[in-house]
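For reference, the structure is listed below as structure tokens.
Residue indices begin at 1 and follow the sequence shown.
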Amino acid sequence: MKTYLEIDGKHINLEANLSRARTIITLGKLSDEAYNVIALEDSTIDLFQCQFTRSADEGWKVHNGQWRTECPKGIRSRLQHACSFCMGCCVNVRPAHPIYDWRMPETGTLLNGNNLTNEGTALKDGDVISAGSVTVKVLIEE
């Protein structure tokens with residue numbers, strides 16, 4: 001089963017963006033401040049708008065906000081792990097055990113017109129995710 005997000009006519013395969021180092025897919029505003037796997041040039045969405053996770057029993061889920069490190073290097077890292085072993089030169093006082101926080105967007109994320117929570121909701125074919133002026137349609141091929 002493959003899951004795609006359709007944004008402005010473009011299809012993004014969620015599974016193709018996973019790796020050993022990347023187990024979540026983040027969606028947010030394109031910026032030098034933070035790396036998002038799906039980065040959109042749209043001022044109406046937040047830097048940490050939402051994230052997608054996959055579980056064996058429920059398939060893909062969408063969550064309002066993102067689970068992010070406090071480390072500035074980790075926030076900007078394409079691999080999205082916290083520590084580049086800068087040895088405590090940033091806000092992480094224990095580089096081997098980075099600090100993570102749930103980052104909520106200033107603008108909410110909607111799934112089929114309903115507010116999402118950070119616990120997430122399982123995606124189904126035809127679902128519509130809205131954030132600011134961005135609309136994302138979920139396409140699932142079985």
Side-chain angles (χ1 to χ4, degrees), residues 1-86 88 90-142:
M1 181 164 40
K2 292 183 181 177
T3 303
Y4 297 90
L5 302 180
E6 182 182 318
I7 305 171
D8 293 330
K10 180 181 174 187
H11 292 132
I12 300 166
N13 181 341
L14 288 179
E15 287 84 4
N17 284 288
L18 294 175
S19 69
R20 285 184 64 199
R22 182 184 301 131
T23 58
I24 62 170
I25 307 297
T26 56
L27 183 146
K29 181 169 45 177
L30 177 66
S31 171
D32 290 338
E33 295 175 47
Y35 176 81
N36 280 295
V37 177
I38 303 169
L40 305 174
E41 292 187 58
D42 191 302
S43 61
T44 65
I45 63 171
D46 196 87
L47 198 56
F48 306 109
Q49 190 66 53
C50 64
Q51 77 176 28
F52 300 89
T53 58
R54 186 172 66 173
S55 67
D57 55 335
E58 293 183 277
W60 284 97
K61 292 173 78 173
V62 60
H63 308 259
N64 187 41
Q66 297 177 6
W67 186 246
R68 288 294 189 125
T69 176
E70 291 293 321
C71 173
K73 287 185 180 182
I75 288 174
R76 292 189 299 270
S77 169
R78 183 179 326 144
L79 298 177
Q80 295 178 305
H81 54 76
C83 190
S84 297
F85 294 104
C86 61
C90 64
V91 294
N92 271 323
V93 293
R94 302 177 320 166
H97 304 283
I99 301 166
Y100 284 86
D101 240 345
W102 192 264
R103 305 271 184 119
M104 293 296 288
E106 291 181 19
T107 58
T109 309
L110 304 176
L111 178 64
N112 300 323
N114 299 312
N115 287 323
L116 276 175
T117 64
N118 60 350
E119 286 88 29
T121 304
L123 293 174
K124 299 180 299 295
D125 187 46
D127 280 347
V128 176
I129 301 164
S130 305
S133 64
V134 174
T135 301
V136 179
K137 186 172 181 183
V138 177
L139 307 168
I140 300 176
E141 289 182 355
E142 301 215 22

Smallest separation among heavy atoms of [X] and [Y], with atom names:
{"X": "F48", "Y": "A34", "value": "CE2-CB, 4.0 Å"}
{"X": "T44", "Y": "A131", "value": "OG1-O, 4.4 Å"}
{"X": "N112", "Y": "G126", "value": "OD1-O, 4.4 Å"}

Any side-chain heavy atom of [X] sitting closer than 4.5 Å to one from [Y]?
{"X": "L5", "Y": "V138", "answer": "yes"}
{"X": "I129", "Y": "L123", "answer": "yes"}
{"X": "L47", "Y": "E33", "answer": "yes"}
{"X": "N36", "Y": "Q66", "answer": "yes"}
{"X": "Q49", "Y": "L40", "answer": "no"}
{"X": "I140", "Y": "M1", "answer": "yes"}
{"X": "D125", "Y": "L139", "answer": "yes"}
{"X": "N64", "Y": "N115", "answer": "no"}

Looking at [atom1] of [X] and [atom2] of [Y], how far apart are the two atoms once the value is rounded to the nearest 0.5 Å?
{"X": "T117", "Y": "M104", "atom1": "OG1", "atom2": "CE", "result": "8.0 Å"}
{"X": "T3", "Y": "E141", "atom1": "OG1", "atom2": "CD", "result": "9.0 Å"}
{"X": "I24", "Y": "C50", "atom1": "CD1", "atom2": "SG", "result": "10.5 Å"}
{"X": "I45", "Y": "L30", "atom1": "CD1", "atom2": "CG", "result": "9.0 Å"}
{"X": "K10", "Y": "Y4", "atom1": "NZ", "atom2": "OH", "result": "13.5 Å"}

>> Show, in sequence, the C-alpha distance, side-chain angles and deciding distance for T53 and T23, and conclude whether the side chain to side chain contact (heavy atoms under 4.5 Å, CB included) test is met.
In response: CA-CA 7 Å; T53 58; T23 58; over 6 Å; no
>> Donor-acceptor check, side chain of H11 to backbone of E6, threshold 3.5 angstrom: yes or no?
In response: no
>> Which residue in the set I38, V37, T26 passes side chain to side chain contact (heavy atoms under 4.5 Å, CB included) when paired with N17?
In response: V37
>> Does atom CG (D57) have a neighbourhood of more than 12 heavy atoms from anything else shown, all under 6.0 Å?
In response: yes
> side chain to side chain contact (heavy atoms under 4.5 Å, CB included) between V136 and I12: does it pass, once the steps are laid out?
Replying inline: CA-CA 10 Å; V136 179; I12 300 166; over 6 Å; no
>> Set out, in order, the CA-CA distance, both residues' side-chain angles and the distance that settles side chain to side chain contact (heavy atoms under 4.5 Å, CB included) for L14 and R54, then state yes or no.
In response: CA-CA 9 Å; L14 288 179; R54 186 172 66 173; over 6 Å; no
> Do the rings of F52 and W60 sit parallel, tilted or perpendicular, given the 30° and 60° boundaries?
Replying inline: perpendicular
>> Before you tell me yes or no, could you show the steps for D101 and R68 under side chain to side chain contact (heavy atoms under 4.5 Å, CB included), namely the whole-Å CA-CA distance, both residues' side-chain angles and the distance that decides it to 0.1 Å?
In response: CA-CA 6 Å; D101 240 345; R68 288 294 189 125; over 6 Å; no
